[in-house]
Amino acid sequence: MAGLTIKHLYKRYEDDGKKRKNANPNDFAVKDLNLLCKPGEFIALLGPSGCGKTTTLRMTAGLETITQGEIYIGDTLVNDLPPKDRHIGLAFEDYAMYPPLTVYENIAFNLKAKGVDKAEIDRRVREIAPLMQCDDLLDKMPVKLSGGQKQRVNIARAIIRRPELLLMDEPLSHLDGKARQAMRTEIKRLINDIKCTTVYVTHDQLEAMSLAEKIAIINFGVLQQFGTPAEVYDDPVNEFVASFIGEPPMNILETKIIGGDGKFFFTFENSNLKIAVPKRYNSVVKDGFVCKVGVRPMDVLIGDSESDGSPEHIATFENLGDERRIGIHVGNTLLMLITEDEKRYHSGDIVKLEVRGEKTHLFDKDTGDRIREK
């Protein structure tokens, strides 16, 4: 296996003559991306559609030209190497199976094209097929397979080459919810078994959080944060990361801080809600300071009858079985909270709202960057 190193990577499609709908010639699909994936590591490229994650993967695979920058697989600079010489395996978003060929023949196709001995091909197909739980499908034609089965074959075809680097481009996007969950488990087990360096592209933060050792969060072609799932969840560097990671997403509200003498409160326009500002922020706030405050739904609580919390009206209530989601209007923003309380609430009910102040995050109102205590 080999690591992956990306240095100052840029991609602008106009530079290679390709036109993209609504593209600005001054915009980069990928802009100054730097990334290090250690040998054997599983990283996810995560971001919204059009953020540049698939473009990055395709440049790594050699399917897109590089405007500027360097890509190394192991110690080898691969900028000008054709895909076949990069020692990679690639599992596409689309299954791209050969309809006239059986599952066995689809998995074996790359080895056969390289002139590998038939006995060795057979040995490797029958070694890989059980790993992907498709050993009972080898004689079937693609038309007879479900979406999940096709994706298993797709991944088996990628790893049978024994790649130094496995690239996966949204492999679960065409599957339904239950099949996605099952395939996530299969992919996690597979990567643990084959111990292959893996780069996984997805727009689904649940996939990234559950599968990857590290997550690279990208927006508008720019790397926002690179860290472990715990790091990007608990310590987001900006408002975008904070709101993109987590389900439901973090509540982010514009606030004006009032107070003095070391005692401050978050206040909100058109709302009576007041939240005590944690003392750790005393060095960066002052009376009249305007910023944004973020708090995750599980850190917003409903107090009991003796609570000093702020009385608020419930706007929405969702019972999801294992949890309940409550929405409360704070000015023009709907503040979401999660509770395990089995009580059934209704729109208009009054509850006392409490917030775990120590779990709040501050963001610059204009730039969205995290404001950290000094």
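Quick caveat: nothing in here was measured; it's all calculated off a predicted structure.
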Is it true that atom CG of Asn332 has more than 12 heavy atoms of other residues, nucleotides or ligands lying nearer than 6.0 Å?
no
Walk me through whether Phe266 and Val355 qualify under side chain to side chain contact (heavy atoms under 4.5 Å, CB included).
CA-CA 11 Å; Phe266 296 114; Val355 174; over 6 Å; no
Are the side chains of Leu138 and Ile107 in contact, using a 4.5 Å heavy-atom criterion?
yes
Closest contact, heavy atoms only, Glu312 versus His329
OE1-O, 4.3 Å
Close side-chain approach of Leu45 to Leu35, heavy-atom, < 4.5 Å
yes
Considering residues, nucleotides and ligands other than Glu120, do more than 12 of their heavy atoms fall under 6.0 Å from its CD?
yes
Side chains of His203 and Lys53: does their closest heavy-atom pair fall under 4.5 Å?
yes
How far does CG of Leu63 sit from OG1 of Thr55, to the nearest 0.5 angstrom?
11.0 Å
Show your working on side chain to side chain contact (heavy atoms under 4.5 Å, CB included) between Glu373 and Asn282 and close with a plain yes or no.
CA-CA 8 Å; Glu373 56 272 28; Asn282 283 357; over 6 Å; no
For Asp366, is the CG atom crowded, meaning more than 12 foreign heavy atoms sit under 6.0 Å from it?
yes
Please round to the nearest 0.5 Å and tell me the distance separating atom CD of Gln149 and atom CE of Met132.
11.5 Å
Is a donor on one side and an acceptor on the other found under 3.5 Å between the side chain of Asn251 and the backbone of Val295?
yes
Let me confirm one number: the CD-CZ distance from Glu164 to Arg86, rounded to the nearest 0.5 Å.
13.0 Å
Checking Met183 against Ile155 for the side chain to side chain contact (heavy atoms under 4.5 Å, CB included) test, could you report, in this order, the C-alpha distance in whole Å, the side-chain angles of both residues, the deciding distance, and whether it holds?
CA-CA 11 Å; Met183 278 301 298; Ile155 297 172; 3.9 Å; yes
For residues 225-236, please give each side-chain donor-acceptor pair under 3.5 Å, one per line with the distance, not counting sequence neighbours.
from: Gln225; atom 1: OE1; to: Val237; atom 2: N; distance (Å): 3.0
from: Gln225; atom 1: NE2; to: Asp235; atom 2: O; distance (Å): 3.1
from: Thr228; atom 1: OG1; to: Glu231; atom 2: N; distance (Å): 3.1
from: Glu231; atom 1: OE1; to: Thr228; atom 2: N; distance (Å): 2.9
from: Asp235; atom 1: OD1; to: Arg370; atom 2: NH1; distance (Å): 2.9
from: Asp235; atom 1: OD1; to: Arg372; atom 2: NH1; distance (Å): 2.9
from: Asp235; atom 1: OD1; to: Arg372; atom 2: NH2; distance (Å): 3.3

Step through the shown structure and confirm whether more than 12 heavy atoms of other residues, nucleotides or ligands are within 6.0 Å of CZ on Phe220.
no
Between atom CD1 of Ile88 and atom CG of Asp85, what is the distance when rounded to the nearest 0.5 Å?
10.5 Å
Which distance, rounded to the nearest 0.5 Å, do you find between the OG1 of Thr60 and the CG of Leu165?
7.5 Å
Tell me if a side-chain donor or acceptor on Thr67 pairs with a main-chain N or O of Arg12 at a distance below 3.5 Å.
yes
Backbone of Pro171 reached by a side-chain donor or acceptor of Gln151 within 3.5 Å
yes
So do Val285 and Leu362 actually touch side chain to side chain, heavy atoms under 4.5 Å?
yes
Quick check: are there more than 12 heavy atoms from other residues, nucleotides or ligands sitting under 6.0 Å from NZ of Lys150?
yes
Does any part of the side chain of Thr102, heavy atoms only, come nearer than 4.5 Å to the side chain of Asp139, both counted from C-beta?
no
Salt-bridge criterion met for Arg325 and Glu323 (N-O under 4.0 Å)
yes
Can any side-chain N or O of Thr202 pair as donor or acceptor with the backbone N or O of Asp204 at less than 3.5 Å?
yes
Any chain of hydrophobic side-chain contacts (each under 4.5 Å) joining Leu167 to Phe92?
yes
Donor-acceptor pair, distance only, cut-off 3.5 Å: does the side chain of Arg157 make one with the backbone of Asn110?
no
Could you tell me whether the side chain of Thr5 and the main chain of Tyr72 form a donor-acceptor pair under 3.5 Å?
no
Donor-acceptor pair, side chain of Arg280 and main chain of Glu358, under 3.5 angstrom
yes
Arg124 and Glu127 ion-paired at < 4.0 Å
no
Check whether the ring centres of Tyr98 and Phe109 lie less than 6.0 Å apart, and answer yes or no.
yes
Worked check of side chain to side chain contact (heavy atoms under 4.5 Å, CB included) between Ile245 and Leu46:
CA-CA 10 Å; Ile245 295 291; Leu46 174 67; 3.5 Å; yes
With a 4.5 Å cut-off on side-chain heavy-atom distances among I, L, V, M, F, W and Y, is there a chain of contacts connecting Met209 to Tyr200?
no
Taking atom CD of Glu269 as the centre, report whether more than 12 heavy atoms of other residues, nucleotides or ligands fall under 6.0 Å from it.
no
State, with a plain yes or no, whether a side-chain heavy atom of Phe240 is found less than 4.5 Å away from one of Val222.
no
Heavy atoms of Asn79 and Ile71 approach each other most closely as OD1-N, 3.0 Å
So how far is it from Leu145 CG to Asn154 CG, rounded to the nearest 0.5 Å?
11.5 Å
Pairwise side-chain contact, Phe289 with Ile371, heavy-atom cut-off 4.5 Å (strictly under)
yes
Of all heavy-atom pairs between Thr255 and Thr267, which one has the smallest distance, and what is that distance?
OG1-O, 2.8 Å
Please find the pair of heavy atoms, one from Ala29 and one from Tyr13, that lie closest to each other, and give the distance.
CB-CE1, 3.7 Å
Looking only at heavy atoms, the pair that brings His313 and Ile328 closest together is O-CG2, 3.5 Å
Are Val284 and Phe363 linked, directly or through intermediate hydrophobic residues, by side-chain heavy-atom contacts shorter than 4.5 Å (ILVMFWY only)?
no
Are a donor atom and an acceptor atom from the side chains of Lys38 and Thr197 found within less than 3.5 Å of each other?
no
Any side-chain heavy-atom pair of Asn34 and Leu223 under 4.5 Å:
no
Distance-only polar pair, side chains of Asn192 and Arg189, donor-acceptor under 3.5 Å
no
Lys263, NZ atom: more than 12 neighbouring heavy atoms under 6.0 Å:
no
On a heavy-atom basis, which atom in Ser210 and which in Glu207 lie closest, and how many Å separate them?
OG-O, 3.2 Å
Donor-acceptor contact below 3.5 Å, side chain Thr333 vs main chain Gly331:
no
Hey, is the main chain of Glu64 close enough, under 3.5 Å, to the side chain of Arg58 for a donor-acceptor pair?
no
Transitively linked via ILVMFWY side-chain contacts under 4.5 Å: Ile128 with Met168?
yes
hydrophobic_cluster_shared for Leu166 and Leu172, side chain cutoff 4.5 Å:
yes
